[in-house]
Amino acid sequence: MTDEQPSHRYSAALAGRIERRWQDHWEQHGTYHAPNPVGPLAGPVPEDKLFVQDMFPYPSGAGLHVGHPLGFIGTDVFARYHRMNGRNVLHTMGFDAFGLPAEQYAVSTGQHPRKTTEENIGNYIRQIRRLGLGHDERRRISTIDPEYYRWTQWIFLRIFNSWYDADAGKARPIDELVAQFDSGERATPDGRAWAELSHAERQGVLNEHRLVYLSDAPVNWVPGLGTVISNEEVTADGRSERGNFPVFRRNLRQWMMRITAYADRLIDDLDRLDWPDKVKAMQRNWIGRSNGARVRFGVGAQQVEVFTTRPDTLFGATYVVLAPEHPLVDVIAAAAWPSDVDSRWTGGAADPGAAIAAYRRAASLKSDLDRQENKEKTGVFTGAYATNPATGAQIPVFIADYVLMGYGTGAIMAVPGQDQRDWDFATAFGLPVVRTVQPTAGFDGEAFTGEGPAINSGFLDGLGITEAKARIIDWLQEQGHGHGTIQYKLRDWLFSRQRYWGEPFPVVYDADGTAIALPESMLPVELPEVDDYSPKTFDPEDADTVPSPPLSRATEWVEVELDLGDGPKTYRRDTNTMPNWAGSCWYQLRYVDPTDGARFVEPENERYWLGPRSPGDPGGVDLYIGGVEHAVLHLLYARFWQKVLFDLGEVTGEEPYRRLFNQGFIQAFAYTDERGVYVDASEVVEKDGKFFYDGKEVRQEYGKMGKSLRNVVTPDQMCETYGADTFRMYEMSMGPMDVSRPWATKDVVGAQRFLQRVWRNLVDEETGALRVTEVEPDETTLRALHKAIAGVHEDYANLRYNTAGAKLIELNNHITKTFPDGAPRSVAVPLVQMLAPLCPHIAEELWEKLGGVESLAHGPFPVAVERYLVEDTVEYPVQVNGKVRGRVTVAADASQDEVKAAALADEKVAAAVGGATPKKFIVVPGRLVNIVV
RNA sequence: GCCCCCGUAGCCCAACAGGCAGAGGCAGCCCCCUUAAAAGGGGUCGAGUGCCGGUUCGAAUCCGGUCGGGGGCACCA
């Protein structure tokens with residue numbers, strides 16, 4: 001039983017006592033407080049700083065499972081390593097605490113979401129504190145704190161009061177645009193003088209330029225959630241990421257952020273970031289920049305403009321297709337079919353008008369999912385013909401739902417010879433195919449999309465695709481038929497939600513319905529108390545519903561009398577709230593200056609922690625760790641805000657996160673019984689490769705850790721059973737940080753045994769007394785030690801904690817074997833120091849026992865002595881024709897000839913060579929010898 | 001369908017820039033301590049790197065193909 005264990009063995013109970021003690025000590029002494037250059041947190045600051053950040057956690061009511069802290073511990077080890085080496089390290093953690101779960105919980109219980117959210121935060125802090133994370137707890141922030149969201153609102157207003165000057169390539173204050181209109185430097189849309197426009201008219205004009213604007217464009221309406229969502233929150237199959245409800249495109253008046261103005265910079269600046277290629281690729285793909293041309297096709301008196309990335313194929317355009325919703329469809333549609341109309345083109349209708357109406361009706365009944373699953377090409381002829389500007393040919397104009405209104409111009413020129421979709425449509429409708437690129441020999445496919453010389457293309461013939469594109473664009477411009485252009489998939493960011501638990505907009509509407517930004521002095525606009533937190537939700541399938549936000553029912557709050565400069569008047573507040581991403585768009589800036597009441601961040605502090613460090617450096621957090629699931633959403637929005645703030649001179653960094661690292665996921669096995677019901681995974685036992693629960697065989701699955709799979713393991717359980725240091729050591733030993741892997745509780749004991757051995761090498765398990773000796777370690781030990789020091793330095797700096805841990809185990813195993821009477825002090829000390837980033841509590845305890853007076857948090861960290869890293873002698877394996885035949889040991893500085901001589905002198909090698917003259921003699925210095933005969 | 005990443009002992013993982021396939025942990029096996037037990041101590045076994053081919057004196061590593069797993073995008077003109 002445990003009471004028979006030596007009383008000072010490093011058990012879970014002892015570890016727990018040590019850990020609590022040091023957690024209290026660190027908190028009381030502010031051990032992890034990082035000084036700022038100026039302001040309330042000012043202190044002496046070394047030039048060498050490091051800002052390490054975890055992705056903003058949402059404080060879920062379920063608490064942490066062992067997968068969550070992987071990244072948190074990873075950043076902590078990195079921060080501790082650098083802190084011990086003398087850098088000023090900023091590491092903390094706050095909470096992204098607005099969001100749907102708290103609101104839904106509030107709806108079902110009637111409790112204020114603030115209450116449950118704060119309780120969850122309290123529990124979260126308790127859990128992460130127990131892990132020994134070295135956070136500067138003065139810098140904890142929470143997005144729901146009015147002192148935080150006042151600045152979220154403030155940034156919103158800065159963006160609202162800005163426009164994008166495409167000529168300057170940056171955002172500028174809206175006043176400067178007003179000045180341009182006022183002076184006549186820039187013409188108003190209808191040519192009237194600025195002074196002649198009414199207030200509402202002026203605001204209407206500015207709305208077209210503001211970086212935040214009100215839009216009536218189609219948005220993603222989710223009746224099942226009662227709110228609209230952004231494009232990024234819609235899944236590939238046209239449903240809401242949250243709740244998996246159907247999404248409908250509806251025209252609703254909503255706030256939009258003009259992120260498209262930054263499309264080029266958001267793509268181009270990816271090259272300046274130290275990010276995983278995968279994430280960069282996802283962002284590039286999402287922004288979707290493609291170079292091409294807009295080409296105008298005459299249709300009667302009208303012009304239909306199409307977008308194409310292959311203007312070089314213009315000579316092969318044999319028909320034109322408009323999206324069914326395209327506004328010109330009704331204008332150009334012929335009154336009657338031509339006499340010889342192909343029966344496949346009419347949809348069985350009597351005339352084009354009827355065919356179009358029927359086709360549109362059918363298309364509107366199809367969900368996005370239907371459209372994607374069924375790739376059979378459908379469409380109807382409009383009865384109209386367009387003129388191909390290159391060939392002069394009259395080509396039919398169709399409508400078809402494979403052309404999307406939302407991309408490009410909503411119209412295409414169809415080139416079946418070079419585009420498979422057009423080929424499919426042409427085949428179904430009996431349309432001609434003209435190849436304009438010579439397919440490679442032996443090509444037997446349909447549309448040819450590869451590289452080749454132009455054919456059937458008049459003055460383009462013989463040119464490669466790139467030259468042909470350039471030539472035709474020049475020609476289109478000369479002839480006035482079109483121009484080269486760049487197209488993006490990225491759309492503006494829908495920025496309003498019909499929810500309660502989010503940041504209110506700092507905007508009111510006057511009697512004309514014009515949006516007016518509140519002055520800074522009126523911030524924060526606080527959330528009002530309401531009786532019912534729920535947005536009105538609807539039948540998820542009912543598209544004909546309109547949002548009804550909870551704030552609209554807070555009538556006393558909505559109707560407000562304010563003096564905005566021209567006397568007290570009644571205004572209406574905006575009843576939307578900001579999306580959940582708003583708070584996380586700028587939180588690294590607030591970590592830097594969490595208590596600043598005068599500014600969102602003091603410029604000097606921003607420059608120190610987040611500014612560029614060298615010419616061309618975009619600035620930003622030095623290491624940002626989180627899951628890859630935010631590759632597009634959060635990371636794109638945050639980059640956008642940062643760039644706006646940079647343009648406006650509010651910050652010096654052009655990018656928020658200089659270096660990004662995606663940690664892997666910890667997954668876990670789950671088990672189902674014969675009914676397919678999940679059973680408690682912790683009760684399952686393995687026998688001969690089969691799994692049993694309660695004596696009955698169960699089936700093993702593998703997946704995310706979660707309540708529904710009944711396979712959750714919590715850090716609390718691990719701390720209880722093994723201690724936080726053991727848990728940290730194990731998580732970091734499981735593999736490289738970026739690799740996903742299965743959780744295995746049974747393996748944790750390995751980490752605990754290691755710490756027990758370290759403890760035992762330094763401390764008498766019976767008495768608790770230090771058993772470190774003053775003996776001088778032998779040469780072999782010193783070599784092992786310094787090799788470990790050199791390796792551990794490199795591993796920590798490169799996030800290779802698994803190998804760093806292995807090197808520490810190796811060194812400790814050496815001590816165990818070599819010094820049964822206790823570790824020599826000169827080895828024990830660096831061992832403890834090197835252990836500290838991974839297992840800070842036990843390291844502090846041992847450091848104190850060794851006589852350390854100051855916490856080990858700020859070092860020292862051992863430095864390897866070069867002399868012990870170079871070997872005196874080297875053992876070379878000697879290969880003959882690639883097979884190892886013998887080994888020779890020579891002096892490390894032996895010349896190649898000496899190595900050769902030694903190799904040939906070896907009996908076994910000589911036998912293998914057999915007296916033949918070597919054809920080749922390879923000596924890889926320090927590595928091996930290979931003799932080719 | 002297109003793009004990206006990954007396949008090394010029973011399991012999790014190492015291997016600098018191509019150079020003896022093994023650092024570390026779990027499990028297994030043996031021994032010690034123990035009335036007994038293990039979250040104790042000591043020791044030990046174990047793969048030729050998914051498969052096929054190429055380059056090379058030499059390939060886990062580079063190249064081509066193939067199979068398997070994971071992820072992203074998907075009628076974006």
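Everything numeric here is computed off the predicted structure, so don't read it as measured data.
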For the side chain of [X], counting heavy atoms from C-beta on, which of [options] is nearest?
X      : options                : result
A:S290 : B:rG19, B:rA77, B:rC20 : B:rA77
A:L928 : B:rG19, B:rG25, B:rA23 : B:rG19
A:A12  : B:rA39, B:rC20, B:rA77 : B:rA39
A:K278 : B:rC26, B:rG71, B:rA77 : B:rG71

Between [M] and [N] - [atom1] atom distance, rounded Å:
N      : M      : atom1 : result
B:rG50 : B:rG68 : C1'   : 7 Å
B:rU35 : B:rG48 : C1'   : 48 Å
B:rC13 : B:rG53 : P     : 29 Å
B:rG72 : B:rC12 : C1'   : 26 Å
B:rA59 : B:rG1  : P     : 35 Å
B:rC45 : B:rG25 : P     : 14 Å
B:rU61 : B:rC11 : C1'   : 24 Å
B:rG71 : B:rA15 : C1'   : 27 Å

Round to a whole Å and report the spacing from [atom1] of [X] to [atom2] of [N].
X      : N      : atom1 : atom2 : value
A:F307 : B:rC75 : CZ    : P     : 16 Å
A:N285 : B:rG72 : CG    : P     : 12 Å
A:Q756 : B:rG41 : CD    : P     : 6 Å
A:R757 : B:rG24 : CZ    : C1'   : 11 Å
A:M729 : B:rA23 : CE    : P     : 17 Å
A:D738 : B:rC6  : CG    : P     : 10 Å
A:L322 : B:rA77 : CG    : C1'   : 13 Å
A:D795 : B:rA15 : CG    : P     : 9 Å

Atom pairs, N/O to N/O, protein against nucleotides 56-64 of chain B, distance under 3.5 Å?
unit_1	atom_1	unit_2	atom_2	d
B:rC57	OP1	A:K920	NZ	3.2
B:rC57	O2	A:N930	ND2	2.4

Query raised in the report: Can you name the side-chain hydrogen bond (donor to acceptor under 3.5 Å, both in side chains) partners of A:Q418, sequence neighbours left out?
Result: A:T436
When we call it a touch if two heavy atoms are under 4.0 Å apart, what does [X] touch: a base, just sugar-phosphate, or nothing?
X      : result
A:N813 : sugar-phosphate
A:T816 : sugar-phosphate
A:K919 : nothing
A:V749 : sugar-phosphate
A:E810 : sugar-phosphate

Any strand: nucleotide that pairs with [N] via Watson-Crick or wobble, under 3.5 Å:
N      : answer
B:rC2  : B:rG72
B:rG48 : none
B:rG53 : B:rC63

Query - Qualifying residues under side chain to side chain contact (heavy atoms under 4.5 Å, CB included), relative to A:D795, sequence neighbours excluded - result: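 Residues passing side chain to side chain contact (heavy atoms under 4.5 Å, CB included) with A:D795: A:R800, A:T803, A:A804, A:K807.
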Report task. Please name all residues satisfying side chain to side chain contact (heavy atoms under 4.5 Å, CB included) with A:V899, sequence neighbours left out, ordered by chain then number. Result -> A:Y876, A:V890, A:A894, A:V923, A:V929
Query - A:Q752/A:Y722 under side chain to side chain donor-acceptor pair (under 3.5 Å): CA gap, chis, key distance, verdict - result: CA-CA 7 Å; A:Q752 186 176 38; A:Y722 300 100; 6.0 Å; no
Report task. Look at the side chain of A:R294 and the backbone N and O of A:G482, then say whether any donor-acceptor pair between them is shorter than 3.5 Å. Result ->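 Not at all, since once roles are kept as given, no pair shorter than 3.5 Å links the two residues.
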Report summary line: With syn defined as a glycosidic angle within 90 degrees of 0 and anti as anything else, the base of B:rG48 is syn
Query raised in the report: Does B:rA38 have OP1 or OP2 sitting under 4.0 Å from an N or O in the side chain of A:R753?
Result: no
Which heavy atom in [X] sits nearest to a heavy atom in [Y], and how many Å separate them?
X      : Y      : answer
A:V628 : A:V279 : CG2-CG2, 4.0 Å
A:Y488 : A:Y407 : O-CE1, 3.6 Å
A:N761 : A:N812 : ND2-OD1, 2.9 Å

Below 3.5 Å is the cut-off: list the nitrogen or oxygen pairs between protein and nucleotides 10-13 of chain B, distance only.
unit_1	atom_1	unit_2	atom_2	d
B:rC12	O2'	A:M734	O	2.8

Report task. Compute the centroid of each ring, for A:W743 and then for A:Y730, and state whether the two points are separated by less than 6.0 Å. Result -> yes
Query raised in the report: Between A:Y671 and A:F691, how do the two ring planes meet: parallel, tilted or perpendicular, split at 30° and 60°?
Result: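 A:Y671 and A:F691: tilted rings.
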Report task. Measure the acute angle between the ring planes of A:F398 and A:F425, then classify it against the limits of 30° and 60° as parallel, tilted or perpendicular. Result -> perpendicular
Report summary line: Residue pairs meeting salt bridge (charged side-chain N to carboxylate O under 4.0 Å, His left out), one or both in residues 744-757 of chain A, sequence neighbours left out, come to none
Query - Along RNA chain B (nearest heavy atom to each residue), the more 5'-positioned of A:R491 and A:R760 - result: A:R760
Report summary line: Comparing A:Y876 with A:A751, nearest RNA chain B nucleotide closer to 5' gives the residue A:Y876
